[in-house]
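One structure is given here, and the rest of the page talks about it.
Atoms within a ligand are numbered from 1 in the order they appear, just like the ligands themselves. All values below were derived from every heavy atom in this structure, side-chain atoms included, with hydrogens, water molecules and symmetry-related copies excluded.
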Amino acid sequence: MEKREQLYTGKAKTVYATDEPDHLILHFRNDTSAFDGEKVAQLDRKGRVNNRFNAFIMERLAEAGIPTHFERLLGDEEALVKRLEMLPVECVVRNYAAGSLCRRLGVEEGLALEPPVFEFFLKNDALHDPMINESHIRTFRWATDDEVVEMKDLSLRINGILTRLFADAGLLLVDFKLEFGRFHGRLLLGDEFSPDGCRLWDAETRTRLDKDRFRQGLGGVVEAYEEVARRLGIPLD
Ligand code: TMP
Ligand code: ASP
C-alpha cells in the first residue's frame, strides 16, 4: 500500500489517496480549531494522541459489532481507512446538557438527559453547522430514509458502548459527534472519535478533559487528552 496525492485538507486532518481505490490515509495534524475555524492553534502532540485515541475507540466499536471505516494505524499520526462517500450530516448524541443545547434551550449545563438527546446538524462551516431535521434531510437528499434510521440506531448503540467504556475510566461521556458514509452500499462510521469531537468530564469533579479546554482558553488541552488516553490504557509511545 502506497501513499499518493493529497485529496483534502480539513481543519485537523489531511486525507491522502493510496494506490488502492478503496483506501485512504488520514493524517491527524497538530492543528486545532473551534467556532467553525474562527479560533485556530497548533498544539504539540495533538495529532499523535488523537490518532491513537481514534484507533482505540474504532477498534472497541468494531469489536462490539459497529461497522467502521478504520483499518489500522500506520504511524504516529496516520491511519489507513476505507474510502467512504461521506454524508454531509453530523449526528450528535447528548447524555448531559452542554454547549449549544444550553444556548438553544436555556437549560442548565450538566443536567442529565434521560433518554439521551439525538440531533442532526448540517456539515457546513460557512453556515455554522445549522441544526437540521429529518424533513430537511429527505427534501435535500442528504441521506436516504433508511440511512437516517440507521444513523440514529448506530449513534445510540455507540453511545451505550462508549458510555460504559468511559465510565470504567472514571469519565462522563457528556456528548459527541459522529459522521457516517457509504461504502459499497453499506453505511459505515467514518471521520474520527477523539476528544476534539466529544465532551468528557471527570466523573467526580466534572473537570473538562476535551476540546472545551481549547474553546474556553483553559489551557492544558493536549495534557487533558493524554490523561483520558492514560485512563483508558491507550499506549502513547
Ligand atoms: P455543540 O454543543 O457545539 O452542539 O456540540 C455537541 C458535541 O458535538 C460536542 O462534543 C462537539 C461536537 N461537535 C463537533 O465536534 N463538531 C461540530 O461541528 C458539531 C456541531 C459538534
Ligand atoms: N470542529 C468545529 C471547528 O473546528 C466546531 C468546534 O469544535 O467548535 O470549528
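Those atoms of ligand 1 with a heavy atom of Gly99 less than 4.0 angstrom away are 2 (O). Less than 4.0 angstrom separates some heavy atom of Asp129 from each of these atoms of ligand 1: 17 (C), 18 (O). Every atom of ligand 1 with a heavy atom of Cys198 under 4.0 Å away is listed here by number and element: 10 (O).
Lys39 forms a cation-pi arrangement with Phe214, by the criterion of a distance under 6.0 Å to the ring centre and an angle within 45° of the ring axis. A cation-pi geometry, defined here as NZ or CZ lying under 6.0 Å from the six-membered ring centre and within 45° of its normal, does not hold between Arg60 and Phe193.
Residue-level proximity to ligand 1 for Asp196 is carried by the backbone, the only part with a heavy atom below 4.0 angstrom. With a 4.0 Å cut-off on non-hydrogen atoms, Glu119 does not touch ligand 1 at all. By the criterion of a heavy-atom distance under 4.0 Å, neither the backbone nor the side chain of Lys211 is placed next to ligand 1.
Residue-to-ligand polar distances keep Arg103 apart from ligand 1: every N/O pair is separated by 3.5 Å or more. Between Arg199 and ligand 1, at least one pair of N/O atoms sits closer than 3.5 Å.
A salt bridge does not link Glu109 with Arg199: every distance from a Lys NZ or Arg NE/NH1/NH2 to an Asp or Glu carboxylate oxygen is 4.0 Å or more. The pair Glu77-Arg29 fails the salt-bridge criterion, with no side-chain N (NZ, NE, NH1 or NH2) lying under 4.0 Å from an Asp/Glu carboxylate O. Residues Arg182 and Glu147 are paired through a salt bridge, judged by an N-O separation under 4.0 Å between the basic side chain and the carboxylate. Of the charged side-chain nitrogens involved, none lies within less than 4.0 Å of a carboxylate oxygen, so that Arg230 and Glu226 do not count as a salt-bridged pair. A salt bridge between Asp145 and Arg138 is present, with a side-chain N of the basic residue lying under 4.0 Å from a carboxylate O of the acidic one. Salt-bridge formation is not detected for the pair Arg231/Asp168: no Lys NZ or Arg NE/NH1/NH2 atom is positioned less than 4.0 Å from an Asp or Glu carboxylate oxygen.
For Arg215, the heavy-atom gap to ligand 1 drops under 4.0 angstrom. At a 4.0 Å cut-off, at least one heavy atom of Arg94 sits close enough to ligand 1 to count as contact.
Of the candidates Ala34, Ser100, Ala97, Pro195, Ser100 brings a heavy atom nearest to atom 2 (O) of ligand 1.
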